[in-house]
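Here is the structure we will look at, set down as structure tokens.
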Amino acid sequence: MKQAEEILQILKANFPDSNLELKTDQPTEPILVASPLEIDKLSMFLRDSSELLFDSLMNLSGVDEIKANLLSVYYHLESTKLKHKITLKVSTDRNKPEVSTVTEVWKGADWHEREAYDLFGIIFLNHPDLRRILMPYDWDAGYPLRKDYENPEFYQGMKVPY
Amino acid sequence: MSQESSLNTKSSAIRTEEMVLNMGPQHPSTHGVLRLELALEGEIITNVIPHIGYLHRCFEKHCEAMTYPQIVPYTDRMDYLAPMGNEFGYAIAMEKLLGIQVPERVDYIRVIMAELQRISSHLVALGTYGADIGAFTPFLYCFRDREKILSLFEMTCGARLLYNYIWVGGLSHDLHPDFVRKTREFIKEFRPNLKEVNDLLSHNRIFIDRTANVGILPVDTAINYGVSGPNLRGSGIKWDVRKEDPYSVYHKFDYDIPVGEGKYGTVGDSWDRYYVRVLEMEESCKIVEQALDQLPEGDVQSAIPKRIKPPIGHVYSRVENPRGDLGYFIISDGSTSPYRVKVRAPSFVSMQIMNELCKGYMVADVVTILGSIDIVLGEIDR
Amino acid sequence: MMYDFLVDLFGNSALANIIAGTIQSLLPLFVFILPFALFAVYLERKVSAHMQDRLGPMRTGWHGWKQTIADILKLIQKEDIVAKDNDRLLFNLAPIIVFAGSYAAFAAIPFTSIFIGTEVDLGIFYIIAVTGIVVAGILMAGWASNNKYSLLGSMRSVAQIISYEIPTILVALSLVMISGSMNLHTLSEQQTGYAWNWYIFGGPGSELSKFLLIPSMLVGFLIIYISTLAEVNRTPFDIPEAESELVSGYHTEYSGMKFAMFFLAEYANMFAVSAIVVALFLGGYQSPIGYLGDLIGAKWMIPIEQFSWFTIKGVFFVFVQMWLRWTLPRLRVDQLMAVSWKYLIPIAFVNLIIIGLITLL
Amino acid sequence: MGFLDSEFTDGNIVITKAEDLLNWARLSSLWQVSFGLACCAIEMMATSASHYDFDRFGVIPRPSPRQADIIIISGTVTLKMATRIKRLYEQMPDPKYIISMGSCSNCGGPYWEHGYHVLKGVDRVIPVDVYVPGCPPRPEALLEGLLKLQEKIRNESMIKKTA
């Protein structure tokens, strides 16, 4: 059982070049902010390090932070063996949203990442099968959960708005 | 001539080809509108590609447009076999974000409802599983008992399927004066009925032959995929959010977490996943009985905030739904509706193991494995 | 018998022969098979409903007795769909062959001591051979539908029917060894008297060999009942039309009357196989307790009584088939094959040898 | 109007009686495609189960659309699903009937405003005979919808055009 600060210290010791930051101004859990292209290496370490053993990815959610012109991904991790949790966050440019995939680390991330791609257009680099998942494969009207999304008038001849 | 010779060189082996079989979206046993693309070698499965999204009802978009109390009915419609659990999860998450302490009676009633819902949800899982394997009668027996639970819910809040009962900070109605007596009566008559289903299905030799040693899920794989709930416990690990990350008043009750033991085959096979559900119903009965005994008095609406306007921030909270670990990730921007809500749906995660489980089995086993995972498409697609 | 009567009636000419032949061959269809199939469908729905705490059809007539009539009348009205990629000829031919195959089996089934469609000396052999045509029809249906579910269903069905014919034949053979006849009429006549003379209790006579035969006959009876279940695709062997896997198997693509033909053939078949079991083991049309007609000296009543006994026994086994269907789950296709090849066939062989040795005594 | 014309347009006794019989056959044997979409499908299952028993009215589920007469659209129709439903409808043989069960398939239901992926009413792709309101409708409501459909079939005519 480790607190977020201890986890940050361990990570800092192992990844001296990365810029990791712990945001504790939140009313609930603190967030560990990492860099989007390093998240795969970081995750691999989080999973395999004997002190941390984050063997389970509880949740992965994309968020559109339109005011900061960013697309973010939140990772909620848990260790079923050591019973501790951590929230990671990576942010990437809205015009070129690229994040390294963590499917190698947690296989369950596969569909979560596809969903984030489908609904936000976040591109997960090296993802084995990055296709739309919830929306139709031929949906070309953009990414519905982005804040500036506009619904098309028709899809395959069917009227979409009420 | 050249063609002939090329044929001759290959004639030693019969030309075989993979057959692609499309199961769904309209298929009797896909439990809704799931489409499975099966690559077959004869009747042996070489690959399974699930296609989801046929029921994508834009839950997360609706959350961003609705106010916090308005979201509750939409949560009902995600896992429509366990709406009480969904509402419970949402209420817990919001109360964590708002810092509300609900009266004890509210907590007890919520637990009773969630556990009754677990029984009713597992009954559907059992019944449809039986129907998948070919035994149709247990399905009707299960629905008969489920009707009784639904009438208990109806008595409390007036709705049969989607309740809008558990609100942020309280409940929409207090219990009906007859509720306690009728629930006790239900549990009394439910136990023998469960035994009947067990005799008819669980310990039937044909059923065991069909499900034991089929679709074995090792614990490591399950955790790596993030599988939770009865599917994870079927693999033999005692892991339940109610015990690991206690919420509400679950710590006050005495109950067991059933796990798969590999009674008729290998630990983690379809039969284990199925039987964990049967045992869980019994445990839920125990919890409901204890909660009814200890039920305190009080006002169920005293803690409901007049206007829900949480501080800027985020919360991740989870509950043990019948299908597993249901998580809500809510980001608030300080206004009356959330900035972003993401639901970690247990079926969404469990569905990913289909390919892993099905490889090398036969077409008939796809149905067995799919049924043993017990998915709800409303939750997968949201 | 019946044929001669009809030929006499129409004057002895070539035309009369044709008319008599036609009437005689259609008679069982209209008098027995169609009404029975309608009744069996209704029975199935009622039996299943009452086993499942339901009521079943209630709105058409008293307790919904007209339900199947409505079903058939509706199916006649339905559009007959032949899709573009179906093999039109085979697609249209398949239901006829399946229906004809199961219907032809009725020709050699002895309903009473005086009425039997055609008294062939190779009765058992004929029935087993002619029901084999059904296999061809099913395969045609599956292939012509150009649908993967249909194809898988028909493949499974063919494999299943052929596998399960072997134990059926082996058991039938053991009876042929005891009785020395393949004629079902003769077989039934041999079991006359009381229930004690039925072949399931070792057959007529009172020598030692009869008592030695009883265990073997019980085993044989079980084997033939299980394998006939599989031959008519009933649970736990309803794999070809396994609803939860293969939609509805080989008849997925059929609509309207063609589907009705498969549907009726299935129920006619259920009775046909029960009739074979009854004729071989349970005395055929013989009464277990003697005839009322004998008692009051009205000889004309005996055939009617025999017909009732035969129908009662047959319907009872049809009822057991339904009972099993609504109780048991279904096996997987490899397990199904294992049941036949690993258990039923070896046991039937051993049984056959034991019976052979006993008859030598 | 000549005598023969009136025989056929007003309907003579033989035709009317035959028609009644055929209508009766159609309305008392409505086989349903066993096809569920969303929450309403659970209520549809409950309707076929012991307590409400659809079979009383002669409704049995058929897995193949080729052998079915009615399709109950039980739940939210999404854009991805709409084309499949249309195809399913086309696979069914005539005469065929449709019951739209629940608000979602009637008009989009609670998803009418922000549902970017929800078809606002199944009648945008296939013709609907009976609409059953509710979210989800109770089994009794679905039974009522079925009785309404039976009434509609009872008044059908081969000769007279019905609306």
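Because the structure is predicted, anything quoted here is derived from the model rather than measured. Chain naming here is simple, since letters A, B, ... match the order of the sequence lines and numbering starts at 1 in each.
For the atom pair A:L134 CG and B:H56 NE2, the distance stands at 5.0 Å (nearest 0.5 Å). Considering CG of B:D325 and OG of A:S56, their distance stands at 8.0 Å, rounded to 0.5 Å.
Proximity to chain B (any heavy atom under 4.5 Å) is restricted, for A:R47, to the side chain, taken from C-beta onward. Within the 4.5 angstrom heavy-atom criterion, only side-chain atoms of B:I49, from C-beta onward, approach chain A. For B:V315, the parts sitting under 4.5 Å from any heavy atom of chain A are the backbone and the side chain alike. Only the side chain of A:L119 comes within contact range of chain B, judged by heavy atoms closer than 4.5 Å.
Residues of residues 75-82 of chain B never come closer than 4.5 Å to chain A when only heavy atoms are counted. For a heavy-atom cut-off of 4.5 Å, chain A lies close to B:F329, B:I331, B:Y339, B:R340, B:K342 in residues 327-342 of chain B. Taking 4.5 Å as the heavy-atom cut-off, the residues of residues 69-77 of chain A that approach chain B are A:Y74, A:H76, ordered by number. For residues 135-152 of chain A, heavy-atom neighbours of chain B at less than 4.5 Å comprise A:M135, A:Y137, A:P144, A:L145, A:R146, A:K147, A:Y149, sorted by residue number.
Atom CG of A:N14 is surrounded by more than 12 heavy atoms from other residues, nucleotides or ligands within 6.0 Å. Residue B:R307 qualifies as open at atom CZ: its count of foreign heavy atoms under 6.0 Å is 12 or below. Applying the 6.0 Å contact sphere to CD of A:Q156 captures more than 12 heavy atoms from other residues, nucleotides or ligands.
Taking 4.5 Å as the limit, every side-chain heavy atom of A:D55 sits out of range of all side-chain heavy atoms of B:N224. Between A:W111 and B:M351 there is a side-chain heavy-atom pair separated by less than 4.5 Å. The shortest distance between side-chain heavy atoms of A:E78 and B:D245 does not fall below 4.5 Å. Side-chain contact between A:T87 and B:Y316 is absent, with no heavy atoms from C-beta onward closer than 4.5 Å.
Among B:E60, B:Q352, B:H51, B:R318, the residue making the largest number of heavy-atom pairs under 4.5 Å with chain A is B:Q352.
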